[in-house]
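First comes the structure, then the notes that go with it.
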Protein chains: 4
Amino acid sequence: MLEELKQKVYKANIDLVRHGLVIFTWGNVSGIDREKGLVVIKPSGVDYDSMTADQMVVVDLATGKVVEGELRPSSDTPTHLVLYRAFPEIGGIVHTHSTYATAWAQAGKDLPNIGTTHADYFHNAIPCTDDMTAAQVQGDYELETGNVIVDRFIREHINPVHTPGVLVKNHGPFSWGKNPDEAVHNAVVMEQVAKMAFVAYSVNPGLTMNPLLVEKHFSRKHGPNAYYGQKK
Amino acid sequence: MLEELKQKVYKANIDLVRHGLVIFTWGNVSGIDREKGLVVIKPSGVDYDSMTADQMVVVDLATGKVVEGELRPSSDTPTHLVLYRAFPEIGGIVHTHSTYATAWAQAGKDLPNIGTTHADYFHNAIPCTDDMTAAQVQGDYELETGNVIVDRFIREHINPVHTPGVLVKNHGPFSWGKNPDEAVHNAVVMEQVAKMAFVAYSVNPGLTMNPLLVEKHFSRKHGPNAYYGQKK
Amino acid sequence: MLEELKQKVYKANIDLVRHGLVIFTWGNVSGIDREKGLVVIKPSGVDYDSMTADQMVVVDLATGKVVEGELRPSSDTPTHLVLYRAFPEIGGIVHTHSTYATAWAQAGKDLPNIGTTHADYFHNAIPCTDDMTAAQVQGDYELETGNVIVDRFIREHINPVHTPGVLVKNHGPFSWGKNPDEAVHNAVVMEQVAKMAFVAYSVNPGLTMNPLLVEKHFSRKHGPNAYYGQKK
Amino acid sequence: MLEELKQKVYKANIDLVRHGLVIFTWGNVSGIDREKGLVVIKPSGVDYDSMTADQMVVVDLATGKVVEGELRPSSDTPTHLVLYRAFPEIGGIVHTHSTYATAWAQAGKDLPNIGTTHADYFHNAIPCTDDMTAAQVQGDYELETGNVIVDRFIREHINPVHTPGVLVKNHGPFSWGKNPDEAVHNAVVMEQVAKMAFVAYSVNPGLTMNPLLVEKHFSRKHGPNAYYGQKK
C-alpha cells in the first residue's frame, strides 16, 4: 500500500540525518496521497540506523486512525494532520529540533527576512507561534500545536506556499513543501537562514533589509516570471 | 569479572568520541553493578584509540579501592562513587568537557529549561554547583566535587532521575542514567541544549519559557502516562 | 571549445562544495579567456553531484549571449560580466552564500581588516555595497548588482587586485582572482575572516587593528618584495 | 641528517590539519635538537597534501642560516628561533591561525583562565602581546614578533613551561611544548579554551573563576604531586 510514497517518506527522513538536522530520533517527515486521503509518516522513536521503508505508518487524514503499519506513528502525527487539512496545497511536512531554528523558536521571535537567501525561499519573516494556553497544552496537545500554527497563518493572511515554514514557540521548526523532498529542502534552508541571522544580528543589532530585494528574489525563483534554474 | 559491564562501559566511552563530546582523554564513563557493589570505570589518561574493554578498572563502591585492573582508574573516580552512593537509582555516569556545556559551567549559571528539547529529558534547569571552598579543593578534591553536586540536589529537593545532569562550576558537565548508554545519551542532550540556549539568549536575552510545556513534554516521555516511542 | 577552461571552472565549482561554502546550488564560479573574449560559467540550478565539465556554459563577454552550451547559464552571469569588464586584471569569479560572509553582508557592514589573516589577502576592509535603488532592482537586476559593486570600487579608488572580494548588501559575497582557482581560494579566506571577525567583535566590541601590520603582511605576500612561500 | 626529528616535525604538521587547526598553508611546526643546536621546520607555503618529511628544512639555531634543505623555511622561522633561544626548556613550537584563538588575538585580549580545562594545561591567562612599534614591524619583523612575545614573559615573570602559549596581537597563537607533539597538543587546547571562553562570556559577561581550582588542576597534572594519568 502506497509503496512509492513510503519510499519517498523514508528517504526524506534519512536525508534529515544526512543534512545534520537530526540527533537521535528528534525529527520526522510525512507525505500525503491527496486522492486517497492518506498520510505516510515515520514511526515514533525508531532509530534512523535500523529504520526501513516498510516501517512507515499509514494514517487516515480525516480520522487520524492508523490504516497500515505495526508501529505507532510519530507522536507529532496530529500536528501534521492539522497542517495537511488547513493547507491543501502541501504534500510533505518536516519537523526537526535543528540547532539554530530551534534556538530562534526558544527565543520566541519571528525569524526576519534579512537576506536574499531567505527571500529565495520564504517571502516574509518565518513566523513564531503564540504561547499555547493551558487548555491547549493539557488538551489534545499535538493537535493544538497544529492549531496555533494555522491560527497565525489565517489571522495574518500568510500564504503557506510562500512561507513554507514556522517556528513553534519554545519548541522548534516545522516546514513543508509540495512533496516530502521539498519539505526537507525547506528545513535545510530554515536552519541555514536561522544560523546566518544569529550571526548577522550579533554583528549588527540594528541591521536593515532592503524590501525591494525581498520581492525581486522571491519572484525570481517563484511565480510565473521565475527565471532561476533550468526550464522544466 | 563483570565482562558484560566492562564491554558496556568501554562502548559508552567510545560513543563519547563518536558524538564529538571528547578531545584527547577529556572524558570518562562508568557503570555500576548494584548487587555486587562494584563500579567499572575508564582508566586515567588512556587514549581512546588504543583503549580496550579489558583495560576498564573495577572499583569497590564502598571503599573506592581497585578490585581488578592493572591501570589507575580515572582521577574522577571519587566523584562517580559519591554520586552512585547518593543517587541509588542511577546505573551509569558520564563526565566530559564538551564545548557548550563546559562554557555554561564556566559561566557559572544554571542552564535554564527554555525549550521542549530540554524538557523532553530534564524536568528543570540543569543546576550549576556552588563555588568550592578552600577546605574542599585542598582536601579530597574529587570526592568533594561529588559532594557539592549532591548538596545542591538535596538542598533544593532536585530529583536526580528527573534532572539527570549537573554543571560543576568552572569545570564541566556530569550526566547520568539508568545505565552507561543512557548517561551518554543525556550527555549528548546537555551539550545540544547548552548550544541552543547560547544561541537563543544571544538572539533574545529576555526570552521566556512557557511552564506548561515543561510539564507536558517531560510527562510525555516519562512517567506512567508516557506516550512517546513504541510500547515496551 | 575552451575545454581546458571548462575543466578548470568545473573543478573550481566542485571545490566550493569541498570547502563547505555551498549548500544545494547556492554558488557559482566562472573563468574568462581574455583573448577570445569568452566567459565559461556554471549552469543555473544544476546539482553539483550530477554536474559535468561538459555542462559549463560559454558566454560572450561583450554581448552576454550564450555561445555554447545546452543549459541556461547561472542567473548571476550578468554580474560576472560586469566585473570582468570593469576589472581587466581578473580571470575568475566566485559567488557563494557562505555562512559567515553572507551574515556580514546581511549585517550591511564592511568587513574590517582586524588581523594578519585578512591582511595576507585583502589590503583593506572588504567593502559592503550600498542599498540598491528601485530602478536597479526592478531593472536589469543582476547587471545592476555588478554595477553597485564596481561603483564602490571606483568611487573609493579601491584596487580590485588588492581587495579581491566584496559583500553585496543583504545578499552575499563575491570574490575573484587571476583564475578560477584563486577566486575560490579568496572565497575560502573571506568566509574564514568573516567567522573570526564575528567572534573577535563578540569578545571585544572595541578592538583595534595595528595599521602597521596591514602594510607589512600584505606586502609580505604581494608585490615586488614578497617573501612568503617558495620562489616561482 | 636529523631524520627522526624531521619525521616528528612532519607528523606534527600533518596533525595540525587533522585537528582542524589549519586552512591551506596557514600553520607551521618546528622541533629542535638542543645538543646540535639545529632546528627543523616546515618549508614556507608548501601544501600539506604533497608535503614529505624530506622537505623539512634544517636551520642553525644561532645564525638562522639554512643548514640543509632545498626549500625556503617557513617565513616565521625567526620567530621560532627567538623563542628557542629565550625558552631553553622547550623542544617544539607551533604557529597556526586557528579560528577561535586567532579571534582572541584579533580582539587583543589575554585569554583568561576561567575553567579547569584551561587550568589543566595553562597556569594563568594566555597572554596577548603588546602592539608592535613601527621600528619592530618595519625592521626584522618576524624576529621582532618573537621579541614581543619574550618581552611579555620576562616583564611579568611568566614561566613558559607553565604557560605554554601566547596570542600575538592582531595575528594569532603560538604554542610550544617539550617536543613538537606536545606543542600541537597545546595548540589544540588553546583553540578549544578560546572557543569555550567566547561562549562563556557571551552567556555571562561577568563570570568569575575560582582561583583555588586553578592551583588544584594545574598541580594535579603538573609538578611533583601530579596524579592524573598512568605512572610513567
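The chains referred to below are lettered A, B, ... by the order of the sequence lines, with proteins before strands, and numbering in each begins at 1.
Taking the centre of each ring, Y141(A) and H217(B) come in below the 6.0 Å mark.
P205(A) does not touch chain B: none of its heavy atoms, backbone or side chain, sits under 4.5 Å away. Contact annotation for F198(B): only side-chain heavy atoms (C-beta onward) come within less than 4.5 Å of a heavy atom of chain A. Contact of T25(A) with chain B is made through backbone and side chain together, with heavy-atom distances under 4.5 Å. In this structure, no portion of E70(A) lies under 4.5 Å from any heavy atom of chain B. Within the 4.5 angstrom heavy-atom criterion, only backbone atoms of A197(B) (N, CA, C, O) approach chain A. Residue V168(A) does not touch chain B at all, counting heavy-atom pairs closer than 4.5 Å. Neither the backbone nor the side chain of K195(A) has a heavy atom closer than 4.5 Å to any heavy atom of chain B. For H185(B), the parts sitting under 4.5 Å from any heavy atom of chain A are the backbone and the side chain alike.
We find that K6(A) and E68(A) are joined by a salt bridge, their nearest charged nitrogen and carboxylate oxygen being less than 4.0 Å apart.
Between W26(B) and F24(B), the ring planes are perpendicular. Angles over 60° get that label, and only those under 30° would be called parallel. Ring orientation note: the planes of H123(A) and H162(A) are tilted relative to one another, at an angle of 30° to 60°. Between H171(A) and H97(A), the ring planes are perpendicular. Angles over 60° get that label, and only those under 30° would be called parallel.
Put simply, the side chain of W176(A) reaches to within 4.5 Å of the side chain of V166(A), judged on heavy atoms.
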Using the side-chain contact (heavy atoms from CB on, under 4.5 Å) rule, take I126(A) and W104(A) through it: C-alpha gap first, then chi angles, then the decisive distance, then the call.
CA-CA 10 Å; I126(A) 299 173; W104(A) 276 88; over 6 Å; no

Is there a salt bridge (charged side-chain N to carboxylate O under 4.0 Å, His left out) between R220(B) and D76(A) once you walk through the steps?
CA-CA 11 Å; R220(B) 195 170 84 145; D76(A) 297 312; 3.6 Å; yes

Show your working on side chain to side chain donor-acceptor pair (under 3.5 Å) between N186(B) and S175(B) and close with a plain yes or no.
CA-CA 6 Å; N186(B) 289 333; S175(B) 63; 6.0 Å; no

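Interface summary for chain B: among A107(A), A194(A), G45(A), the most heavy-atom pairs under 4.5 angstrom belong to A107(A). Top candidate by heavy-atom pairs under 4.5 Å with chain A, chosen from V188(B), L213(B), V199(B), V193(B), is V199(B). Options N204(B), T116(B), L207(B) differ in how many heavy-atom pairs under 4.5 Å they form with chain A, and the most are formed by T116(B). Contacts with chain A were tallied for H19(B), M196(B), E215(B), M209(B); M196(B) has the most, counting heavy-atom pairs under 4.5 Å. When each of M132(A), Q136(A), K169(A) is scored by its heavy-atom pairs under 4.5 Å with chain B, the top score falls to M132(A). Most heavy-atom pairs under 4.5 Å with chain B, from the set D131(A), L71(A), T102(A): that is L71(A).
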